[in-house]
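For clarity, every value in this text was computed on a predicted model and none was experimentally measured. Proteins come first, then strands; the chains are lettered A, B, ... in the order of their sequence lines, and each starts at number 1.
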2 protein chains.
Amino acid sequence: MSTTSHQTPAPLPLFRQIVDDLKSRIVSGDLSEHMPLPSERAIAELHAVSRMTARRALEAVEAEGLAYSKDRKGRFVSPKRLDYDVSSMSNFISGAAARGIDLQVEHLESRSLPAGRSIAEILAVPEGTALYENTRLFRREGHATFLETETVLADRCAGLLPKTPPHPESFLQKQRYSPLGHTADIVIRMRALAPEEAGLLGLMPYQSGIEQEQLVRDPSGTAFCFSRQIWRGEMAQFSARAIIKQAQSISGGRDPDGARGQATP
Amino acid sequence: MSTTSHQTPAPLPLFRQIVDDLKSRIVSGDLSEHMPLPSERAIAELHAVSRMTARRALEAVEAEGLAYSKDRKGRFVSPKRLDYDVSSMSNFISGAAARGIDLQVEHLESRSLPAGRSIAEILAVPEGTALYENTRLFRREGHATFLETETVLADRCAGLLPKTPPHPESFLQKQRYSPLGHTADIVIRMRALAPEEAGLLGLMPYQSGIEQEQLVRDPSGTAFCFSRQIWRGEMAQFSARAIIKQAQSISGGRDPDGARGQATP
DNA sequence: CTCCCAAGTTGGTATATACCAGATATCCAC
DNA sequence: GTGGATATCTGGTATATACCAACTTGGGAG
């Protein structure tokens, strides 16, 4: 019934049909984690569409996080999502290991630096205070997952961050993730990846990810560590247990504006 | 190094140059909130590129959340980000009002229904338990921001949800957001919008947003409300104060797996 | 056997073109 | 002035084509 009597059937655009086909093949398990998706040219031929249309479909699947692309190598099925429980992050790394999650850390940079304006404000220390900064890339089963820049007060981990072979995991385990009941101010937002972040995470520019900021305080309430993570958005979800308070009680508390990195465009 | 003596300058692709131009015009305030961006054809002419290239640039700006498009009307500069403090969400709506944030609620649906399998499991009640479900669209300054589906135990708000004129705001204010110290299990993730969600939020299919789930418990620890919100990702950030515990203490606690909606692809 | 080059693959960029459908403005007839 | 047809905006979809650069593979020279 090409000329149907009732409403227009509103046929799905070609590229959306292809998207749905690919999605169903992924969720059904026909295509499993890290398996290559058909190439743009293969899809174009299979579905009898132009390569640009095939490309649009593949980019949509990619934008959804169901697939990732390796430049000039192909597109592959994304691995499953990980749960990041921020309330028990005392031991995210070893905790992940205990759950059978294979998480590798690649150190990208370790350096000492004096506090600049914005980080001094965040940590509530004078400008110029000595800091250690570590940048790490986390991989899950070899797959880039998130990027972390951690800034700590130098006097809190003196000796734990030797300059020559940067091995701050000892600090991670001993100090930051001590069994004491720390608190953390957390901010989570979605934002576009900067080009160099996208490169490290194996994504195209202008894709979005999830940024998580944590301002960690010791039991006395003093902030001593600020970390900023940028995640591939499809790779995790963040869970927490919150104590819900009256709005007034919070706004009367310290640091009412957790939105430092206002993430203006 | 055919012409240049040093490394290749690696010129930015045309569409990225256009993206950067548009971004700078937005951040500089040359283009302010809700102002129209140049049309695809205008950019094509201005930058002397094809319309498809102009389109790619505009879509990239859109994917970053710096702009939004209205079908066949044009693309416009996105408004600024909002901060959602989940720890003081006792009064998110009126709290927002107090901060001068203009937030409107549009009721889409209110209904009574028996608990299905998955929601019964989440709320830890028998299947078939009477529930009330509300779906609302929140706008900020007239701009669609997030979509909420809230499910509550019917016996917790009997009489507060009259069938004829659905006016559950009274419930929102009186019961759910009472001054008592509730707790909530929260999950935040980035995911692609379903087509109907995208339509309501004024986005194209296959764009990503942020989903927030809240399982709200009364002071006795009994869950009585489950809400799921889907946000335009660029419209908010989520902040909280977390008490960091040992991984063991959490995994020994109740509901160790907050990842119900595992969000499989 | 190893090493290197060439061929073929992949995605990335870019152009030119075409048609559709919704939204808007304009202008003319009434 | 009002109403309605029309022209012209907009983005949405789709095709065909072209070239580039990175990667993989295979084969041949040493």
Side-chain angles (χ1 to χ4, degrees), chain A residues 2 7-22 31 34-63 66-78 195 198-199 202-207, chain B residues 1-3 7-22 34-63 67-78 195 198-199 202-207:
Chain A
S2 60
Q7 296 250 355
T8 55
L12 236 48
L14 285 177
F15 85 95
R16 292 195 52 179
Q17 296 177 30
I18 299 173
V19 169
D20 292 344
D21 177 55
L22 289 169
L31 293 167
H34 299 296
M35 273 179 59
L37 266 58
S39 72
E40 298 177 355
R41 289 165 175 91
I43 286 179
E45 195 172 1
L46 265 168
H47 288 80
V49 296
S50 74
R51 192 188 147 203
M52 288 307 292
T53 303
R55 182 181 176 76
R56 287 195 59 185
L58 282 164
E59 281 180 337
V61 173
E62 204 175 331
L66 289 177
Y68 60 95
S69 73
K70 288 194 213 171
D71 194 46
R72 275 152 257 249
K73 284 170 87 175
R75 289 187 172 84
F76 306 86
V77 179
S78 291
L203 294 173
M204 287 290 99
Y206 309 118
Q207 281 196 259
Chain B
M1 50 185 84
S2 57
T3 53
Q7 298 250 353
T8 54
L12 236 48
L14 286 176
F15 84 96
R16 292 195 51 180
Q17 297 177 29
I18 300 172
V19 169
D20 292 344
D21 177 56
L22 289 169
H34 299 296
M35 274 180 59
L37 267 60
S39 73
E40 298 177 356
R41 289 165 176 89
I43 287 179
E45 196 173 0
L46 266 169
H47 288 79
V49 296
S50 74
R51 191 186 147 203
M52 289 307 292
T53 302
R55 183 181 176 76
R56 287 195 59 185
L58 283 163
E59 281 180 337
V61 174
E62 203 175 332
Y68 61 95
S69 73
K70 288 195 212 172
D71 194 44
R72 272 151 261 250
K73 283 171 88 174
R75 288 187 173 84
F76 306 87
V77 180
S78 290
L203 294 172
M204 288 289 98
Y206 310 117
Q207 280 195 259

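Shown for residues 68-77 of chain B: residues whose heavy atoms fall under 4.0 angstrom of DNA chain C, namely B/Arg72, B/Lys73.
Note: CD1 (B/Ile43) to P (D/dT10) measures 11 Å, nearest angstrom. Atom CZ of A/Phe15 and atom C1' of C/dC20 are 15 Å apart (whole Å). The distance from atom CE of A/Met52 to atom P of C/dT10 is 17 Å, rounded to the nearest whole Å. Atom-to-atom, CE of B/Met204 to P of C/dG22 comes out at 13 Å; the value is rounded to the nearest Å. Rounding to whole angstrom units, CG of residue A/Leu203 and C1' of C/dG11 are separated by 15 Å. Following rounding to the nearest Å, A/Tyr206 (OH) and C/dG12 (P) show an atom-to-atom distance of 14 Å. For the pair A/Glu40 CD and D/dA22 C1', the interatomic distance rounds to 14 Å; values are reported in whole Å. Spacing between atom CD of B/Glu59 and atom P of C/dG12 amounts to 15 Å, rounded to whole angstrom units.
Look at A/Arg55 and you'll find a side-chain N or O under 4.0 angstrom from OP1 or OP2 of C/dG12. Checking the phosphate oxygens (OP1, OP2) of D/dT13, a side-chain nitrogen or oxygen of A/Arg56 falls inside 4.0 Å. Contact check, B/Ser50 against C/dA14: no side-chain N or O comes under 4.0 Å of OP1 or OP2.
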TODO: Please test A/Tyr206 against A/Met204 for side chain to side chain contact (heavy atoms under 4.5 Å, CB included), starting from the C-alpha separation and ending with a verdict.
DONE: CA-CA 6 Å; A/Tyr206 309 118; A/Met204 287 290 99; over 6 Å; no
Task: Pair A/Thr53-A/His47, side chain to side chain contact (heavy atoms under 4.5 Å, CB included): steps then yes or no - done: CA-CA 10 Å; A/Thr53 303; A/His47 288 80; over 6 Å; no
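Heavy atoms only, all atoms of each residue included: B/Phe76 and B/His34 are closest at CD2-O, 3.6 Å. Of all non-hydrogen atoms in B/Ala54 and B/Val49, the two that sit nearest each other are N-CG2, 4.1 Å. Taking all atoms of both residues into account, the shortest heavy-atom contact from B/Gln17 to B/Leu12 is NE2-O, 2.8 Å.
Note on A/Leu14: only backbone sugar-phosphate atoms sit closer than 4.0 angstrom, heavy atoms only; bases stay farther off.
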Sequence neighbours left out, cut at 3.5 Å: what donor-acceptor pairs do the side chains of residues 36-43 of chain A make with other protein atoms?
{"unit_1": "A/Ser39", "atom_1": "OG", "unit_2": "A/Ala42", "atom_2": "N", "d": "3.1"}
{"unit_1": "A/Glu40", "atom_1": "OE1", "unit_2": "A/Arg51", "atom_2": "NE", "d": "2.8"}
{"unit_1": "A/Glu40", "atom_1": "OE1", "unit_2": "A/Arg51", "atom_2": "NH2", "d": "2.8"}
{"unit_1": "A/Glu40", "atom_1": "OE2", "unit_2": "A/Arg55", "atom_2": "NH1", "d": "2.5"}
{"unit_1": "A/Glu40", "atom_1": "OE2", "unit_2": "A/Arg75", "atom_2": "NH1", "d": "3.2"}

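Between the side chain of A/Arg16 and the base of D/dG12, no donor-acceptor pair under 3.5 Å is found.
DNA chain C is contacted by both B/Thr53 and B/Arg41; B/Thr53 maps to the nucleotide lying nearer its 5′ end (nearest heavy atom per residue). Heavy-atom distances to DNA chain D give each of A/Arg51 and B/Pro38 a nearest nucleotide, and the one nearer the 5′ end belongs to B/Pro38.
A 4.5 Å side-chain heavy-atom check between A/Arg16 and B/Pro195 finds at least one atom pair inside the cut-off.
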